[in-house]
Number of protein chains: 2
Amino acid sequence: MSSMIPDIVISRLPVYLRALDRLTQEGHEVTSSHELGKRLGISSAQIRKDLSHFGGFGKQGTGYKIAFLSEQLRQVLKVDREWEVALVGAGDLGSAVARYRGFADRGFRITHVFDAMPEKVGRRIGEFVIEPISSMQRVVSEAGIRMAMVAVPAEHAQSVADQLIAAGVRAILNYAPINLNVPDDVHVQYIDPVIHMQRMTYYLPLR
Amino acid sequence: MSSMIPDIVISRLPVYLRALDRLTQEGHEVTSSHELGKRLGISSAQIRKDLSHFGGFGKQGTGYKIAFLSEQLRQVLKVDREWEVALVGAGDLGSAVARYRGFADRGFRITHVFDAMPEKVGRRIGEFVIEPISSMQRVVSEAGIRMAMVAVPAEHAQSVADQLIAAGVRAILNYAPINLNVPDDVHVQYIDPVIHMQRMTYYLPLR
C-alpha cells in the first residue's frame, strides 16, 4: 500500500496528528474534517481525501473519534513506537535540540549526543554526556540506531552524514545549511530557517 | 508576474540560491543545471523550467554565471536587501536562533528579542538585550518590522502571533509546534523537527 500514497499526502499526516493531539489536550474527543481544516488552513475535502488513502477513519456526518484517528495515524507513520535518535553537534542549536522536550511523546528519543570538539566531550547537556564523534560510527552501529539529527557546521555535514549512513542510519534531519548527497534508500529532511524566511519575502510588498 | 509563479517553484528558489552561494565559496564561477541538479537531487530539466519563469538566466550549453544568477534570485526573492526581524522567545531554542550567524548575509537581521519572563528581560543574548513582551507591539510597530520568528511555548504562540500581526508583521516563522490562524495577507512558515522526523519514519522498514 505505502508505495501508492503520494509523498505530499504523507507530509500532511504529521500535521494532522499534531492538530489531533492539540484537540485532545483541549479536552475534545471528536472532531470533523471541517474543524481540522479550519485549524490547519486546509480544505476539509483535502483532509477527507488524504485520510481516505488509509481506509475510513470516520463516518460521513458523525466526525472522527480523535483517539482512534490519532492511533491510526501513529501506526501509519510508524510512531506508535519509540525511535532512538543520534544527535550530532552540541553547539547552540544542537544543545537546544538536546534539551527540547517535545520529542518523547511523539515517537522519538535522543539516546546519544556526539561532538567533534575534544573540550565538549564528556560534558553534560541535559541528561546526556557528550560523546566523541570518533566513536560515533561504532556506537550508532552497535545500538542499531537508524535516525539521526545533524547540527554541525555546513562544511562537516556531508562527512558526518556519510559516517552515519555507514553505521546504518537511514533517516537524517539536517540542520546544516547544505544539501546532502545520500544513497536512494536514505531519507533526508532539512531545517534551515533562512530558506523559510526567503520563501516569505517573495510575497511581501516592498516599501 | 509574481502571481503567475507557482508557490512550489518559489519554494525551490532559496534552495538554488543556497547551493549557488556554496559553489561560490568553493571557488566556482560558472555552473550548469546539470551540476546544480546533481547537488540538489533535482532534475536539471526541473531547474531549467523553474528558472525560465524569471527569464533566461543562462544560455543553452554555456551554463550559468553564478554571481549573476545569484543576484537575480536575490532580487526575485527580495533578499537583495536586509529585512529586520523580531524574535519572540528567549528560551533554549530562541537563544540558539538569536546567536545563529547564518542570517546576516542571506537577507535578514534580527533587531529585537522579546520574552515574557520578567527574569529574562534586560539580560543579554549575544548582542541583544531581551525586551519585555509587553512592549513588543509598540516597538515592532514603531520600527516598521514586518517579519518575526516565534519561539515560544505552543500555548502562547497564537496570542503572540496576533500581537505581531496587529503591529504590522506580515511574515512569521513559527517554531512553536502548533498551527497559527492568521489573516490571508500574513504568511506563516513552520519549523517543527518532529513533523520532519515523522515524515521519514513512514518510509523506514520496521524490524
Side-chain angles (χ1 to χ4, degrees), chain A residues 2 7 10-11 13-15 17-19 22 38-41 76-79 81 83 85 91-93 95-97 99-100 102-103 106-108 144 146-147 149 154 170-173 175 177-179 181 187-207, chain B residues 2 7 10-11 13-15 17-19 22 38-41 76-79 81 83 85 91-93 95-97 99-100 102-103 106-108 144 146-147 149 154 170-173 177-179 181-182 187-207:
Chain A
S2 65
D7 185 59
I10 301 303
S11 77
L13 300 185
V15 180
L17 180 55
R18 187 175 70 180
R22 189 86 205 152
K38 228 173 55 182
R39 289 201 169 214
L40 298 175
V76 168
L77 294 170
K78 300 179 187 161
V79 291
R81 68 213 73 207
W83 294 82
V85 180
D92 284 329
L93 179 62
S95 299
V97 171
R99 288 200 196 91
Y100 181 58
F103 293 118
R106 295 170 74 193
F108 306 98
R146 290 186 291 156
M147 302 194 79
M149 302 181 193
R170 287 297 171 269
I172 296 173
L173 180 60
Y175 282 91
I178 188 172
N179 273 71
N181 285 312
H187 301 271
V188 183
Q189 290 274 309
Y190 295 92
I191 289 187
D192 179 348
V194 176
I195 296 281
H196 290 285
M197 298 287 278
Q198 291 184 341
R199 238 188 110 156
M200 295 193 287
T201 47
Y202 174 80
Y203 295 102
L204 293 185
L206 295 176
R207 277 176 182 159
Chain B
S2 66
D7 184 60
I10 301 304
S11 77
L13 300 185
V15 179
L17 180 55
R18 187 174 70 178
R22 189 86 204 151
K38 227 174 56 184
R39 288 201 169 214
L40 299 175
V76 168
L77 293 170
K78 300 178 188 162
V79 290
R81 70 212 72 208
W83 294 83
V85 179
D92 283 329
L93 179 63
S95 300
V97 171
R99 288 198 195 93
Y100 181 58
F103 293 119
R106 294 170 75 191
F108 305 98
R146 290 185 292 156
M147 302 194 80
M149 302 181 192
R170 287 297 170 269
I172 297 173
L173 180 59
I178 187 171
N179 273 70
N181 285 313
V182 301
H187 301 270
V188 183
Q189 290 274 306
Y190 295 92
I191 290 187
D192 178 347
V194 175
I195 296 282
H196 289 285
M197 299 287 278
Q198 291 184 340
R199 239 188 108 155
M200 296 193 286
T201 47
Y202 175 79
Y203 295 101
L204 294 186
L206 295 176
R207 279 174 181 161

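Note that the structure is a prediction, hence the values are computed from the model and not measured. Lettering follows sequence order; numbering is per chain, from 1.
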Next on the checklist: Quick check on the interface: out of B:Leu17, B:Ile195, B:Ile191, B:Val182, who has the most heavy-atom pairs with chain A under 4.5 Å?
Outcome noted: B:Ile195
Checklist entry - B:Ala96, B:Gly144, B:Ala154, B:Pro177: which one forms the most heavy-atom pairs within less than 4.5 Å of chain A? => result B:Pro177
At a heavy-atom distance under 4.5 Å, which candidate from [options] has the highest pair count against chain B?
options	answer
A:Trp83, A:Tyr175, A:Tyr190	A:Trp83
A:Pro193, A:Gly41, A:Gly102, A:Gly107	A:Pro193
A:Arg106, A:His187, A:Met149	A:Arg106
A:Leu206, A:Leu93, A:Val79	A:Leu206
A:Val188, A:Val15, A:Ile178, A:Leu40	A:Ile178
A:Asp192, A:Val85, A:Asn181	A:Asp192

Next on the checklist: For B:Ser95 versus B:Gly91, what's the shortest heavy-atom pair and its separation?
Outcome noted: OG-O, 2.7 Å
Below 4.5 Å from any heavy atom of chain A, which atoms of [X] appear? Answer side chain, backbone, both or neither.
X	result
B:Leu77	both
B:Arg207	both
B:Ile172	backbone
B:Val97	neither
B:Met147	side chain
B:Ala171	both
B:Tyr100	side chain
B:Arg170	both
B:Phe108	side chain

Checklist entry - Which distance, rounded to the nearest 0.5 Å, do you find between the OG of B:Ser11 and the NE2 of A:His196? => result 10.0 Å
Taking the side chain as C-beta and beyond, is there a heavy-atom pair between [X] and [Y] under 4.5 Å?
X	Y	result
B:Leu173	A:Met200	yes
A:Asn179	B:Arg18	yes
A:Tyr202	B:Pro14	no

Item to check | Residue A:Leu13 versus chain B: region with a heavy atom under 4.5 Å | outcome: neither
Next on the checklist: For A:Arg146, give me all partners under side chain to side chain donor-acceptor pair (under 3.5 Å), at least two apart in sequence or on another chain.
Outcome noted: none
